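Predicted, not measured: the structure shown is a model, and the values here were computed from it.
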Amino acid sequence: MGLGESIAVLGAGNGGYAMAGDLASRGLPVAFYEHPSFAEGFAETLSTGGVVLEGALGTRSSRVHLATTDIGEVMETSSLLNLVVPSTAQETFFRAMMAHLRDGHTVVVWAGRFGSLRLLHLLKESGIQRDITVVEANTLPYGVRRSGPNVARVLYTSLRLYLAPVPRSNTGKVIEEIGALYEGAQASDSLLAAAFSNPALVVFGIGALLNVARIQHTKGKFYLFGEGITEGVADVMEAAYREMEEVGRALGFSIPGYTREEFRGPASIEGVNFTSPGGVEDFAKMDGPSTVRGRYMMENIGDGIVPIAQLARRVDVACPVLDAVITLGSIVCQDDFLNKGRNLNRLGMGEANPAEIRRVSTEGFWAR
């Protein structure tokens, strides 16, 4: 980050508010942006610049350097762009950003769910070639719920973050820059490896799928952690993750390993990757989801598990559990995840062979 520059936080949802409030409260200059389509929930901060944090990071009130719905204004004064929106909203932000990208920008997609590859493909389709770095982050640094117009309640924070930049030669620079903000930052082998390493894919995606009756009956008035992760649910999560590990090995990378006992904890493997002052009890305070067509399944199955299952076919790895999750999730959510989710065609790798897939996930589409 250059002298006089701000750190951009793009997206004023749960995670965006936590990141903007956390960084601003440390005295860092934060430029906070929300897309005009979602600006209603941003009105208080847009007016006052104020952001309040509660929970695991303590109570902190701060003001961001800039709060705006003008993407060009943010990108002109920031080289580090942190995109913090659900994967289902990433496309809207990508298209707003593209015309303002300049040489030297670093775009970190939190949490990516293969969003980095989608952005690279959009740039290729549009013929936009810039000297930029695109980073896939496996997860958000926080678990958050909004508790007021400009208030974010942080329930837990990350212990480790896996980051992979394209081009890969910029790994050292990215880890140094993000590591200065978050202690748990560490390098991942490739965009794919970072995307595969998101524990939410199995914990939130499969956890919600196997608790669909509870979701529909209570409208979210139950706790996925502590109540919804029984031994049988944990066993399905583990079986799906073991398939993901095998796909990763076939593509030449590894992802974090977990024991059976870690899958069976009250927060499953989320409890290994995150911490809270109140321990597992604080995880249990995250209620919901309130609807089956919410983020838990739409993001983690439609945008996270779909590309993994399709990659499995490219490397001849059988994934019956992942395939079943996609089929059942599509029925429950009344959606066609394979065709409408983040499939390989939408990632620009519809016809790519394994070698091409590996190259794109480390060097992007321009390198040959």
Side-chain angles (χ1 to χ4, degrees), residues 11-18 34-35 37-42 84-93 110-115 139-140 142-149 151-156 198-230 232-234 236-237 240 266-268 270 274 282-307 309 322 324-343:
N14 294 345
Y17 259 92
E34 180 61 294
H35 193 280
S37 299
F38 310 114
E40 183 177 352
F42 191 48
V84 193
V85 299
S87 61
T88 49
Q90 286 172 359
E91 189 97 358
T92 299
F93 282 75
W110 303 89
R113 293 181 177 85
F114 302 91
T139 186
L140 282 170
Y142 325 88
V144 195
R145 287 290 185 269
R146 290 279 292 279
S147 53
V151 183
R153 181 167 185 79
V154 179
L155 300 176
Y156 46 84
N198 186 349
L201 302 188
V202 296
V203 177
F204 285 95
I206 293 174
L209 177 62
L210 297 186
N211 280 275
V212 62
R214 195 76 182 276
I215 294 169
Q216 293 177 325
H217 180 70
T218 69
K219 310 299 183 187
K221 301 301 181 183
F222 82 105
Y223 301 116
L224 179 64
F225 294 149
E227 293 182 345
I229 303 179
T230 60
V233 173
V236 177
M237 292 176 181
S268 191
E270 286 281 301
F274 292 88
D282 275 3
F283 282 79
K285 296 175 184 176
M286 182 175 283
D287 59 354
S290 60
T291 175
V292 295
R293 281 187 57 84
R295 291 178 55 178
Y296 285 26
M297 281 190 274
M298 301 299 287
E299 279 195 304
N300 293 302
I301 300 176
D303 289 342
I305 291 177
V306 162
L322 295 179
V325 167
I326 293 167
T327 299
L328 293 175
S330 295
I331 295 169
V332 166
C333 294
Q334 298 182 25
D335 212 319
D336 183 355
F337 284 151
L338 279 175
N339 289 310
K340 295 182 181 179
R342 194 159 268 170
N343 56 48

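- Contact between Val144 and Ala152 at its shortest, heavy atoms only, is CG1-CB, 3.8 Å.
- Considering only heavy atoms from C-beta on, Arg342 comes within 4.5 Å of Ser87 through its side chain.
- A pairwise comparison of heavy atoms in Ala208 and Leu224 identifies N-CD1, 4.3 Å as the closest pair.
- Annotation: the span from Thr139 atom OG1 to Trp110 atom CH2 amounts to 9.0 Å, rounded to 0.5 Å.
- In this structure, the side chains of Val151 and Tyr17 stay at 4.5 Å or more apart for every pair of heavy atoms.
- Annotation for Ile326 and Ala309: closest pair CD1-CB, 3.5 Å, computed over non-hydrogen atoms.
- At a threshold of 4.5 Å between non-hydrogen side-chain atoms, the residues Val236 and Leu210 count as touching.
- With a 4.5 Å cut-off on side-chain heavy atoms, Asn300 and Arg113 count as touching.
- Nearest heavy-atom pair across Phe222 and Pro289 is CE2-O, 4.1 Å.
- Going from atom CG of Leu140 over to atom OH of Tyr156 covers 9.5 Å, rounded to the nearest 0.5 Å.
- One distance of note links CD of Gln90 with CD of Glu299; it measures 7.5 Å at 0.5 Å rounding.
- Expressed to the nearest 0.5 Å, how far CG of Leu201 lies from CG of Leu322 amounts to 9.5 Å.
- Between Phe204 and Phe225, the ring center distance clears the sub-6.0 Å criterion.
- Contact of the Arg293 side chain with the Asp335 side chain is registered, since non-hydrogen atoms from C-beta on lie closer than 4.5 Å.
- Put simply, the side chain of Met237 reaches to within 4.5 Å of the side chain of Ile229, judged on heavy atoms.
- We find the CD1-OG distance between Ile206 and Ser268 to be 9.5 Å, quoted to the nearest 0.5 Å.
- With hydrogens and angles ignored, the 3.5 Å screen pairs a side-chain donor or acceptor of Glu34 with a backbone N or O of Ala12.
- Counting heavy atoms from C-beta on, the side chains of Ile305 and Phe337 never come closer than 4.5 Å.
- Note: Gln216 CD to Ser290 OG = 11.5 Å, rounded to the nearest 0.5 Å.
- Judged purely by atom type and a 3.5 angstrom limit, Arg295 has no side-chain atom pairing as donor or acceptor with the backbone of Met298.
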Stepwise, does the side-chain contact (heavy atoms from CB on, under 4.5 Å) test hold for Asp303 with Thr88?
-> CA-CA 8 Å; Asp303 289 342; Thr88 49; 3.9 Å; yes

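- Put simply, the side chain of Arg153 reaches to within 4.5 Å of the side chain of Leu155, judged on heavy atoms.
- Nearest approach of Asn343 to Val306, heavy atoms of both residues: CA-CG1, 4.0 Å.
- Closest of all the heavy-atom pairs between Ala18 and Val154 is CB-CG2, 4.2 Å.
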